[in-house]
2 protein chains.
Amino acid sequence: MDKEVTIYDIAKNIGVSPTTVSRALNNHPAVKEKTKKKIFQAAAEMGYQSNVFAANLRSKKTNNIGVIVPSLNSSFQASVLAGMEKVANEAGYNLVITQSLESSEKEIANTRSMFKSRVDGLIVSLASEAEQLEHFEPFHKKGIPVLFYDRIANSRDSVGVTIDNIQSAQLATNHLIDQGCKKIVHVLGSTKISVYAERLKGFKYALIDKGIEFNEDQIIVLNEINENAAEFVIDKVLQMNPLPDGLFVSNDACAASCMNQLIQKGIRVPEDIAIVGFNNEVISRLVQPKITTINYPGFEMGEVAMKNLINYLDESETTLLQNTNKITLRSDLIIRESSIRR
Amino acid sequence: MDKEVTIYDIAKNIGVSPTTVSRALNNHPAVKEKTKKKIFQAAAEMGYQSNVFAANLRSKKTNNIGVIVPSLNSSFQASVLAGMEKVANEAGYNLVITQSLESSEKEIANTRSMFKSRVDGLIVSLASEAEQLEHFEPFHKKGIPVLFYDRIANSRDSVGVTIDNIQSAQLATNHLIDQGCKKIVHVLGSTKISVYAERLKGFKYALIDKGIEFNEDQIIVLNEINENAAEFVIDKVLQMNPLPDGLFVSNDACAASCMNQLIQKGIRVPEDIAIVGFNNEVISRLVQPKITTINYPGFEMGEVAMKNLINYLDESETTLLQNTNKITLRSDLIIRESSIRR
């Protein structure tokens with residue numbers, strides 16, 4: 001453990017007297033609010049942990065739980081948040097929500113802001129760029145629980161709720177192979193994001209298992225995998241020779257949009273190209289043909305993550321996720337018209 | 001204004017001495033945390049406003065802004081929240097988000113919880129059931145700004161950001177009439193929700209303006225207007241005699257789902273029945289035929305609401321919404337294949 005931070009360290013750091021620091025930490029009215037704020041911030045950032053300050057922090061239990069999502073503007077995240085909010089609300093907690101917009105810089109700023117506003121716990125789905133996890137250290141030091149979901153951290157000590165992305169991608173790819181597809185293209189987001197990296201593995205594993213050769217040109221990686229990327233994707237697909245006969249797209253909105261592009265160009269789905277999406281969003285059920293997809297239980301994931309965090313905060317569990325460091329939710333393949341060729 | 005609350009009132013209410021109350025409000029370490037918390041809560045609930053307590057509250061500016069949405073699980077709300085978060089984050093504020101799940105009771109509980117956690121401001125889209133606004137009184141009394149969006153309050157003093165729902169519905173209905181529709185059915189959510197009540201007005205006004213007779217059976221009111229309601233809606237529509245030739249559905253997911261039901265039953269869209277939706281959600285662009293809809297600028301609405309609230313909090317504006325009590329954003333009709341018959 002690091003050397004204990006004292007009020008003398010804080011005083012030196014800010015340039016005030018130790019008495020002022022002591023008074024401020026005890027919320028004495030003689031200290032100006034501005035100075036008090038400065039001292040509190042410094043104390044928090046430096047990891048100051050006197051009993052009084054700790055008690056003070058405890059007394060200031062905010063009943064707020066911080067949630068950092070990559071983007072609020074996503075139907076998957078919307079259902080996760082709905083699940084979280086339901087559980088939190090029933091237990092008397094509020095959600096403090098920010099979005100990293102896939103930027104590591106913004107994620108770091110968000111965690112800092114969450115720390116300053118003293119959330120009781122933190123739930124995070126990592127930004128694509130996030131490769132370092134040091135910005136969660138202040139939380140660990142203070143004993144504030146941090147729980148990941150969907151895009152979980154790759155470190156030994158991290159805890160999180162996820163689905164088996166490798167297995168799900170294997171299910172999807174195997175299904176396309178079973179439908180007679182010989183050349184399958186996989187469309188995914190940045191492999192810096194764990195879920196896409198894992199699905200890519202699953203895709204490759206499925207090909208290997210069936211003895212099908214894999215070429216790098218079967219992979220189309222997008223910066224943002226959504227509705228707007230479809231034109232780019234289908235342009236690339238149509239330049240391939242021979243044409244692929246299967247498309248596994250790691251997101252339903254993008255899959256639906258790709259399907260539309262193909263149909264517009266006179267290509268039949270599933271006869272010429274079979275399509276499988278991911279997430280089981282509303283859109284996958286409303287397009288024609290309906291899209292085969294992986295059911296990703298977002299609402300349930302939100303519920304499970306929040307329940308585990310709150311059980312820990314309310315001390316009905318002594319460890320986060322009850323002594324495991326990962327909860328894997330069940331995900332299934334839902335077969336619909338977009339892929340049925342046999 | 002009400003009679004000023006004193007520390008004697010608080011002491012009496014909780015059953016402790018006035019000295020204890022005074023000490024607690026000054027955050028004196030001699031008072032137990034549990035008691036302190038009780039006293040702070042009582043003071044807040046009773047509207048106690050001594051200078052010290054006010055200063056204390058000011059010093060505790062949380063930089064949190066409360067947002068109460070009817071449901072997080074909605075693509076419209078997801079884009080509104082994304083817009084809000086972007087502006088808030090840039091200005092150094094966090095969002096504290098809860099969902100009322102269309103229940104007035106839950107909305108009241110949510111506002112109480114927001115008040116207790118001392119949000120700096122509150123942004124609300126009202127629950128369908130919400131008919132009374134008394135639960136916002138504690139905020140008004142403390143000078144904490146409350147701003148409505150989308151579903152705004154009908155009271156003189158309320159401020160909000162909205163679109164012109166009457167005019168939008170007139171645009172949609174006029175378009176169907178122009179396309180030769182003689183019998184148009186309007187599918188909407190509960191008229192307890194202001195936006196649906198207003199769109200219904202717009203629908204009726206458009207018919208009146210064109211001298212078209214209106215019958216009550218042209219209205220299908222749903223408790224929840226979403227994907228799942230389509231079967232019920234289309235069952236009702238197909239029992240009508242004569243069949244309608246136009247459908248104006250107040251939500252794109254429901255419109256898309258209704259369209260699917262019609263096509264499944266062998267009815268052609270737009271030839272037999274033309275369809276217009278509402279919101280311009282992604283889904284309206286990806287189904288076949290693409291759905292004519294009203295562009296509802298959710299992201300922009302979130303931005304505008306948050307910007308105005310923060311301008312007020314940061315004192316660059318002295319009144320909320322710069323002396324108007326309503327900002328109306330532009331909404332447009334986007335014409336696509338689902339309604340073009342001429």
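Values reported hereafter were calculated over all heavy atoms of this structure, with side chains retained and with hydrogens, waters and symmetry mates removed. No experiment lies behind these values; they were computed from the predicted model shown. Throughout, protein chains are lettered first and strands after them, A, B, ... in sequence-line order, and every chain is numbered starting at 1.
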Problem set entry | For chain A, the option from Q77(B), Q99(B), M259(B), M84(B) that forms the most heavy-atom pairs under 4.5 Å | Q99(B)

For this session: Select, from L81(A), V80(A), N89(A), the one with the greatest count of heavy-atom pairs under 4.5 Å involving chain B.
Result: N89(A)

For this session: Flag the one option from L101(A), N64(A), T98(A), I65(A) with the top tally of heavy-atom pairs under 4.5 Å to chain B.
Result: T98(A)

Exercise. Counting heavy-atom pairs under 4.5 Å to chain B, which of Q288(A), K116(A), E227(A) comes out on top?
Worked result: E227(A)

Problem set entry | Proximity breakdown for K290(A) and chain B, heavy-atom pairs closer than 4.5 Å | side chain

Exercise. Side chains of T293(A) and D252(A): donor-acceptor distance under 3.5 Å anywhere?
Worked result: yes

For this session: Specify which of S257(A), S75(A), A256(A) makes the most heavy-atom pairs with chain B at under 4.5 Å.
Result: S257(A)

Problem set entry | Check: T62(A) side chain, R118(A) main-chain N or O, donor-acceptor pair, under 3.5 Å | yes

For this session: With a 4.5 angstrom heavy-atom cut-off, could you sort out which part of K106(B) is near chain A: side chain, backbone, both or neither?
Result: side chain

Problem set entry | C254(B) versus A230(B), closest heavy-atom pair with distance | O-CB, 4.4 Å

Exercise. What residues form a salt bridge (charged side-chain N to carboxylate O under 4.0 Å, His left out) with D314(A), not counting sequence neighbours?
Worked result: none

For this session: Tell me, for Q261(A) versus chain B, whether the close heavy atoms (under 4.5 Å) come from the side chain, the backbone, both or neither.
Result: neither

For this session: Please determine, among N110(A), V282(A), I97(A), the option with the most heavy-atom pairs under 4.5 Å with chain B.
Result: I97(A)

Exercise. Which bit of N226(A) comes within less than 4.5 Å of chain B, counting heavy atoms only: side chain, backbone, both or neither?
Worked result: neither

Exercise. Is the shortest heavy-atom distance from the side chain of R336(B) to the side chain of N280(B) under 4.5 Å?
Worked result: yes

Problem set entry | OG-CG distance between S284(B) and N279(B), expressed to the nearest 0.5 angstrom | 8.5 Å

Exercise. Once the angle between the rings of Y296(B) and F76(B) is folded into 0 to 90°, is it parallel (under 30°), tilted (30 to 60°) or perpendicular (over 60°)?
Worked result: tilted

Exercise. Do the side chains of P289(A) and I263(A) get nearer than 4.5 Å, heavy atoms only?
Worked result: yes

For this session: Pick one of side chain, backbone, both or neither for S117(A), based on which atoms fall under 4.5 Å of a heavy atom in chain B.
Result: side chain

